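Everything on this sheet refers to the single structure shown next.
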Amino acid sequence: MEVHPAPCTVCSFLHRRPAVLRRFFFPYTFNHPPNSPNHRPRAIAKLQTSVEQTARAGSSLSAPPLAHKVTVHDRQRGLTHEFFVPEDQYILHTAESQNITLPFACRHGCCTSCAVRVKSGEIRQPEALGISAELKSKGYALLCVGFPSSDLEVETQDEDEVYWLQFGRYFARGPIERDDYALELAMGDE
């Protein structure tokens, strides 16, 4: 590490301002010559590292992230999309940047609109709140918050089907009866 002398604090503060402002706001201030008793030098530490030193230390330069081939079988549209996605990017976002249209709604991993079933490969989805751990273990994933960990082949699912798998047992307690009185009250408030 080398230490280089720098101008004093006052001088460096003034020189960062336009000349007009220096004359207007600081008319009685001037630059201190280096041998002046008012000159207080600052030390600026300059860290010098070369590529060789970094490589010798064992750390590597930031390499581009690996990209994996993602194949999406879109059941609703009868299409198959193949594209490459870097490990550090969401699958849905990358597909859209390549003008590939896939189903989605919230983009936050909270609904099941972009739900897929993994046929092969691995997907990392730490923010997938819309799918339970049980469904994740059965191979379901969300494209909007999913990162590929390997080459991946997935198939889109019907949103209602996935929603039923996740919540059906909680809400399937028989038919829901229509309450016209409650509906009238709700409509009357508007």
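Just so it is clear, the model here is predicted, and its values are computed rather than measured.
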Main chain of [Y], side chain of [X]: is a donor-acceptor contact present, judged purely on distance under 3.5 Å?
X	Y	value
Glu127	Gly146	no
Ser132	Leu135	yes
Asp74	Thr80	no

Would a hydrophobic clustering, with Ile, Leu, Val, Met, Phe, Trp and Tyr connected at side-chain separations under 4.5 Å, put [X] with [Y]?
X	Y	result
Val116	Leu152	yes
Val118	Val145	no
Leu92	Val85	yes
Val162	Phe104	no
Val70	Ile123	yes

To the nearest 0.5 Å, what is the distance between [atom1] ([X]) and [atom2] ([Y])?
X	Y	atom1	atom2	value
Cys106	Leu142	SG	CG	7.5 Å
Asp158	Tyr163	CG	OH	13.5 Å
Ser97	Gln89	OG	CD	7.0 Å
Glu155	Arg75	CD	CZ	5.0 Å
Leu165	Gln157	CG	CD	8.5 Å
Cys144	Gln125	SG	CD	9.0 Å

Which atom of [X] lies closest to which atom of [Y], heavy atoms considered:
X	Y	answer
Thr112	Gly130	CG2-O, 3.5 Å
Ala95	Phe83	CB-CZ, 3.7 Å
Glu87	Ser149	OE2-O, 3.8 Å

I'd like to know if the side chain of [X] pairs up with that of [Y] as donor and acceptor (distance under 3.5 Å, no hydrogens or angles considered).
X	Y	result
Ser150	His68	no
Glu159	Ser113	yes
His73	Glu153	yes
Thr156	Gln76	yes

Check whether any side-chain heavy atom of [X] lies under 4.5 Å from a side-chain heavy atom of [Y], and answer yes or no.
X	Y	value
Val72	Glu82	no
Thr94	Glu96	no
Phe147	Pro86	no
Ile91	Pro148	yes

Go through the steps to decide whether Val154 and Arg117 satisfy the test side-chain contact (heavy atoms from CB on, under 4.5 Å), and finish with yes or no.
-> CA-CA 6 Å; Val154 297; Arg117 181 109 191 232; over 6 Å; no
